[in-house]
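Have a look at the structure below before the remarks.
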Amino acid sequence: MPKFSIIIPVYNVEKYIKRCLDSVFNQPFKDFEVIVVNDGTKDSSMDIVKDYDVKVINQKNQGLSVARNTGVKKAKGEYIIFLDSDDYIEKDLLKNINKSLNNNPDLVRFQIQEVFEDSDTVNVYNEEGFSGYNGVDAFEKICSYHYVENAWAYAIRKDYYNQNKFQFAPGTIHEDFGLIPLIIIKADIVNSISYIGYNYVQRSGSIMSQKDYEKTKKKVNDFYNHYLYLTKEIDKTNLDSKMFKSFISNSLILKICELKGKDYKNFKNRLKEDKVFDNLLTNTITRKIKKSLFTISPKLVEKIK
């Protein structure tokens, strides 16, 4: 059994996939397998992939969620790492994660830097690490990080993942938001290492940067459905969920600000009907003020945040 299964969905990334795979195979720590899920790519990405010692799974195009779910089913490693094919990892990431596994964590968080495709700009996020936190305490800590719910920021113990029957919601956008918060808070042991090991490439034309308004409406609707799923699932547990619900509610409220006109007003009314604002924490003066402003106008808070 390899220590890590690195799952890489591939769809039209011929410009990036070599750098991504090189960053994995140049790791000094070699106890890993790479699973490439060919999600019906239409370019020459797979011609590049064939030069590497990877396990290839071919499927028709079904999106990132299904590709990741397919990869998990074939994974043999002790820990799962999701790596997006246009991103890449730093050379000692696997070594540093492996050093943090002595307490058999369900989850290991590592840190991120943004790399901009069209410039030399790099935004580094130096987050403070921790070790041995339970899921509730870990969630509260990670909420202060710049990136929270991104699947590629974690190594997840496969047995923990499978025992909880975790999976990404097929056919949706913002699938990470619909799953990773739950993976964090339900964990028994979570570690966070300070090593900045993931390069998140900011490129034009990616799914998260498209400006088409119909896609924006789908993003918001999917986000809302993820929120409903998360609230339903956390209510099945006995965990302290106040911070969890505040975080996902805050995220949803900000998300609807991407909408315009009647769409925005309709979703704002829906937030009130579903009592989303009620979940916001008010245990500090700042949070009390923010909740009041949110209730009046989410877009006002979005502009000043």
| remark: Between the CD atom in Glu128 and the NZ atom in Lys141, the distance rounded to the nearest 0.5 Å is 3.5 Å
| said: Check this for me: does any side-chain nitrogen of one of Glu273 and Arg270 sit under 4.0 Å from a carboxylate oxygen of the other? | reply: no
| query | Can you tell me if Asn191 uses its side chain to pair, donor with acceptor, with the backbone of Ser100 under 3.5 Å? | reply | yes
| request: Might you work through the side chain to side chain contact (heavy atoms under 4.5 Å, CB included) test for Phe267 and Asn221, ending with a clear yes or no? | output: CA-CA 9 Å; Phe267 268 90; Asn221 192 66; 4.1 Å; yes
| query | Does Lys288 offer a backbone N or O that forms a donor-acceptor pair with the side chain of Ser292 under 3.5 Å? | reply | yes
| query | Take atom CG in Asp51; do more than 12 heavy atoms of anything else shown fall under 6.0 Å from it? | reply | yes
| said: Can you tell me if Lys42 has over 12 outside heavy atoms packed within less than 6.0 Å of its NZ? | reply: no
| query | Within the side chain of Glu33, is there an N or O that forms a donor-acceptor pair under 3.5 Å with the backbone of Lys76? | reply | yes
| Does the side chain to side chain contact (heavy atoms under 4.5 Å, CB included) test come out yes or no for Leu280 and Arg287, once each step is laid out? | CA-CA 8 Å; Leu280 298 174; Arg287 284 175 171 162; over 6 Å; no
| query | So, Asn250 and Lys290: side-chain donor and acceptor under 3.5 Å apart, yes or no? | reply | yes
| Candidate list Tyr227, Phe223, Phe168, test ring pair (Phe, Tyr, Trp, His ring centres under 6.0 Å), partner Phe177, passing option | Phe223
| said: Counting neighbours of NZ on Lys18 that are heavy atoms of other residues, nucleotides or ligands and sit closer than 6.0 Å, is the number greater than 12? | reply: no
| Would you say the side chains of Asp176 and Asn150 form a donor-acceptor pair under 3.5 Å? | no
| Pairing residues for Ala187 by the side chain to side chain contact (heavy atoms under 4.5 Å, CB included) criterion, not counting sequence neighbours | Asp106, Tyr160, Val190
| message | Is a donor from one side chain sitting under 3.5 angstrom from an acceptor on the other, for Thr216 and Glu258? | response | no
| query | Mind checking whether Tyr133 and Phe130 have parallel, tilted or perpendicular rings, split at 30° and 60°? | reply | parallel
| said: Could you tell me if Tyr213 and Asp263 have a donor-acceptor pair between their side chains, going purely by distance under 3.5 Å? | reply: yes
| message | For Tyr198 and Trp152, take the angle between the two ring planes, folded into 0 to 90°, and tell me which bin it lands in: parallel under 30, tilted 30 to 60, perpendicular over 60. | response | parallel
| query | Is there a donor-acceptor contact under 3.5 Å linking the side chains of Asn279 and Ser246? | reply | no
| request: Hey, could you give me the CD1/NZ distance between Ile7 and Lys74, rounded to the nearest 0.5 Å? | output: 12.0 Å
